[in-house]
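Note sheet for the following structure.
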Amino acid sequence: MHFLVINGPNLNLLGKREPEIYGHRTWDDLWALISQDIRATMPGVELTWFQSNHEGQIIDKLHEFGFNDQTGIVLNAGALTHTSIAIGDAVAGITTPVIEVHLTNVFAREPFRHHSYISAHAKAVIAGMGLGGYKAALYHLAWLLSASK
Ligand code: DQA
């Protein structure tokens, strides 16, 4: 099994960016905690992450990993969640399961964050659980991939 985490715009700034909202941990800190947990409970699983500030690069990555039945994708598209019909179409167009994740509870924030072009095509949506949301998404993907066998 291969799990890919895709982070969209500005998530490279975690730790520096509005820490009162997104916390003081960098993505490297979060990834160390997430991958340690997943590797301990699911040895043998391949885990990779990708971050881009560019919509097209995120779409290319979804296409690249999107047709493998042993792969699952966790997608935090950042603000592109709320604006990108193209990313929504890419998620709809691939067969690999995608779980949409947000560090913050987008529904408790500004109204423009309440709509997602991705949610209708995602297997599940997690918001407001911080790094725990990524872990929960990865566990759910493992369950989905083994249940589909
Ligand atoms: C986010 C929420 C989005 O509204 C925001 O634009 C982000 C991060 C989150 O993880 O909470 O960049 O996706």
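Index from 1, following the sequence. Computed from heavy atoms alone, side chains included, the values below leave out hydrogens, waters and symmetry copies. One-based numbering, in listed order, for ligands and for the atoms of each. Please read these numbers as outputs of a predicted model, since none were measured by experiment.
- The distance from ligand 1 to the heavy atoms of Val106 drops below 4.0 Å at these ligand atoms: 2 (C), 4 (O).
- Within 6.0 Å of the NZ atom in Lys123, the count of heavy atoms belonging to other residues, nucleotides or ligands does not exceed 12.
- At a heavy-atom cutoff of 4.0 Å, ligand 1 is contacted by the side chain of Asn76 but not by its backbone.
- The closest side-chain heavy-atom distance from Asn7 to Asn12 is not below 4.5 Å.
- In this structure, atom 12 (O) of ligand 1 lies nearest to the protein heavy atom Arg17 NH2, 2.9 Å.
- A 4.5 Å side-chain heavy-atom check between Ile87 and Ile118 finds at least one atom pair inside the cut-off.
- Of the protein's heavy atoms, Tyr22 OH, 3.5 Å lies nearest to atom 8 (C) of ligand 1.
- Aromatic pair Trp27/Tyr22: ring centres not closer than 6.0 Å.
- Taking the side chain as every heavy atom from C-beta outward, Ile6 and Val74 never approach each other to under 4.5 Å.
- Here His114 has no heavy atoms under 4.0 Å from ligand 1, in either its backbone or its side chain.
- When hydrogens are left out, the protein atom nearest atom 1 (C) of ligand 1 is His102 ND1, 3.7 Å; that is the closest non-hydrogen contact.
- Under 4.0 Å from ligand 1, not a single heavy atom of Val101 appears.
- Residue contacts with ligand 1, taken as heavy atom pairs separated by less than 4.0 Å, involve Arg113 solely via side-chain atoms from C-beta onward.
- In this pair, Tyr117 and His115 present their aromatic rings perpendicular. The plane angle is above 60°, beyond the 30 to 60° band.
- Looking at atom 4 (O) of ligand 1, its nearest protein heavy atom turns out to be His82 NE2, 2.7 Å.
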